[in-house]
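A quick write-up on the structure given underneath.
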Amino acid sequence: MSTLLEINDLKTYFYTTNGVVPSVDGVSFSLESGQTTALVGESGCGKSVTSFSIMQLVNSPGKIVGGEILFKGRDLTKLNDREMRDLRGNEISMIFQEPLTSLNPILKIGTQLDETLLLHRKVSKKEAKLTSIEMLKKVGIPRAEQVYSSHPHELSGGMRQRVMIAMALSCNPSLLIADEPTTALDVTIQAQILKLMRNLKNEFDTSILLITHDLGVVAELADKVIVMYAGQVVEEADVMSLFAKPQHPYTQGLIQSTPKVEAEVDILESIKGNVPTPSNKPTGCYFHPRCPFAMDICKSEMPELKMNEQSGNKVRCWLHNSGKEVDLYGENLTYSN
Ligand code: SF4
């Protein structure tokens, strides 16, 4: 498996009147070709700012102040506007939670689909139309020719998201960034869109960076999971290990607060407290005010993200300083240096 995207020590800060806000605070991870990598965490953890940084769409007062974003070996932070425009929609595409904000309400669906192809591919208008209709069919839109001539408001939310996926995949990008792609949809439509994305990923051989707060979506789609908290990566694992044996207390809290179909529970555990605001992070481990396992060292020193040799997960937590897998379910919860 080759590496498609490699992010090293990315820092994206916002310069506000109240001071500097480090939204993305030294994030590193990689995404392999043909895989789906999920960035998960509560809102405000920095996952969307990470995806906007990759697309070079962070606007003032935000700025990438450090690190590199290597896409097929090229550092995107060093590309000029024209070079980035060539990549966006062509090699890297993005879909969002609410397609209405990305679709132009006054232009027909077909016009918007054709535009992407005309911009990035040397095709005639006639070829663009044929390809657009073909893409609408591929994403499961019935009466594709009719939808091609419709305006966005004439379609349901699920259909609009299918149109966005068609548009995003029309130039066969190597990387699709999907930011909360199913959050605005009802449950049945969510399941259909997830199935569609899984099938299209295989058909188009596109890698997906999935941004979500929903672990149910992660379980459906992801191969690898990056858990973010307060602008940092706190755990990285393959999807099976993450759900079978979460190693970071925050990951464990997220999993415990996710409803399970098979479990009969009246009350879901939720993680106590809130994500700290990026401008007001605690000292030491950012999670310590909410962590049931916090020790003295956690309040003053930040742990590094380290490979846990036993579990194979990368974890940022003092409990893992010994390099041993930690049983967060009751035993051996002592700090060993
Ligand atoms: Fe909890 Fe300490 Fe680990 Fe942070 S470093 S997650 S406070 S045990």
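For ligands, and for the atoms within them, numbers begin at 1 and follow the listed sequence. By convention here, the first residue in the shown sequence is residue 1.
Atom 5 (S) of ligand 1 has Trp318 N, 3.2 Å as its closest protein atom, hydrogens excluded (heavy atom only). Of the protein's non-hydrogen atoms, Cys298 SG, 2.3 Å is the one closest to atom 2 (Fe) of ligand 1. In terms of protein heavy atoms, atom 1 (Fe) of ligand 1 is closest to Cys291 SG, 2.3 Å.
Ring-plane geometry between Phe287 and Tyr250 is classed as perpendicular, the angle between the planes exceeding 60 degrees on a 0 to 90 degree scale with a lower cut at 30. Classification of the Phe52-Phe96 ring pair by plane angle, with boundaries at 30° and 60°, yields tilted. Ring orientation note: the planes of His153 and His151 are close to parallel, at an angle under 30° on the 30°/60° scale.
Put simply, CZ on Arg162 and CD1 on Ile193 are 4.5 Å apart, with the number rounded to the nearest 0.5 Å.
Assignment of His248 to the shell around ligand 1 is supported, since a heavy atom sits closer than 4.0 Å.
No path of Ile, Leu, Val, Met, Phe, Trp and Tyr side chains, each step under 4.5 Å between heavy atoms, connects Leu117 with Leu169, placing them in separate hydrophobic clusters.
The ligand atoms of ligand 1 that sit less than 4.0 angstrom from a heavy atom of Leu319 are 8 (S).
Among the backbone and side-chain atoms of Cys285, none of the N, O or S atoms lies under 2.8 Å from atom 1 (Fe) of ligand 1. For a distance bound of 2.8 Å, the N, O or S atoms of Cys317 include one lying that close to atom 3 (Fe) of ligand 1.
The only member of Leu254, Thr183, Val218 that meets side-chain contact (heavy atoms from CB on, under 4.5 Å) when paired with His213 is Thr183.
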